[in-house]
Structure formats: structure tokens, C-alpha cells
Amino acid sequence: MLEQEDVPDLVLDLEQRIDMMQNMGDEELGSFNRLDWILLVVFAVIIPVIAMELAR
């Protein structure tokens, strides 16, 4: 379990990371292209539906 004195340090670190990511440009974060969408749909929708049907 976290000790009480560690919590402010973790909060400060998290706030710094959030600020850093908010200030990053889109080109630094990368692009989301057609292949990414296909993989997202396959792994988030199609495979779970197939698994649910097989589990019946």
C-alpha cells in the first residue's frame, strides 16, 4: 500500500505528465490511420462477439 508521504509526489508527477501530453502536438503523438481502425474494430468488436457466440 502507498504511504501517505508518497501520495503528493505521485500527484505532482501525474500532473506534470498530463501537462506534457496536453502540450504535445499531433505529429508527436503519431497518426491514426485505416489499419489502426481495422485493428480496433477487429479486436474490440468482432473477436468479443465471436467469443460470446462460441461460449453459448
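As a basis for the values below, the full set of heavy atoms in this structure was taken, side chains included, without hydrogen atoms, waters or symmetry mates.
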Taken to the nearest 0.5 Å, the spacing of Leu39 CG from Asn33 CG works out to 9.0 Å
What do you reckon, is CE of Met52 surrounded by more than 12 foreign heavy atoms closer than 6.0 Å?
no
Residues at least two apart in sequence or cross-chain that pass side chain to side chain donor-acceptor pair (under 3.5 Å) with Arg34, listed by chain then number, are none
Take a 6.0 Å sphere around CG of Asp19 and say whether it holds more than 12 heavy atoms from other residues, nucleotides or ligands.
yes
Q | Side-chain donor/acceptor of Glu15 to backbone N/O of Leu12, under 3.5 Å | A | no
Phe32 meets the ring pair (Phe, Tyr, Trp, His ring centres under 6.0 Å) criterion, sequence neighbours left out, with Trp37
d(Ile18 CD1, Asn23 CG) to nearest 0.5 Å is 12.0 Å
Taken to the nearest 0.5 Å, the spacing of Gln16 CD from Met21 CE works out to 14.5 Å
d(Leu35 CG, Leu40 CG) to nearest 0.5 Å is 11.0 Å
Residues 47-56 vs salt bridge (charged side-chain N to carboxylate O under 4.0 Å, His left out), sequence neighbours excluded, gives Glu53-Arg56
Between Val42 and Pro48 the two heavy atoms that sit nearest each other are O-CD, 4.3 Å
Check your understanding: Would a hydrophobic clustering, with Ile, Leu, Val, Met, Phe, Trp and Tyr connected at side-chain separations under 4.5 Å, put Leu14 with Val7?
Key -> no
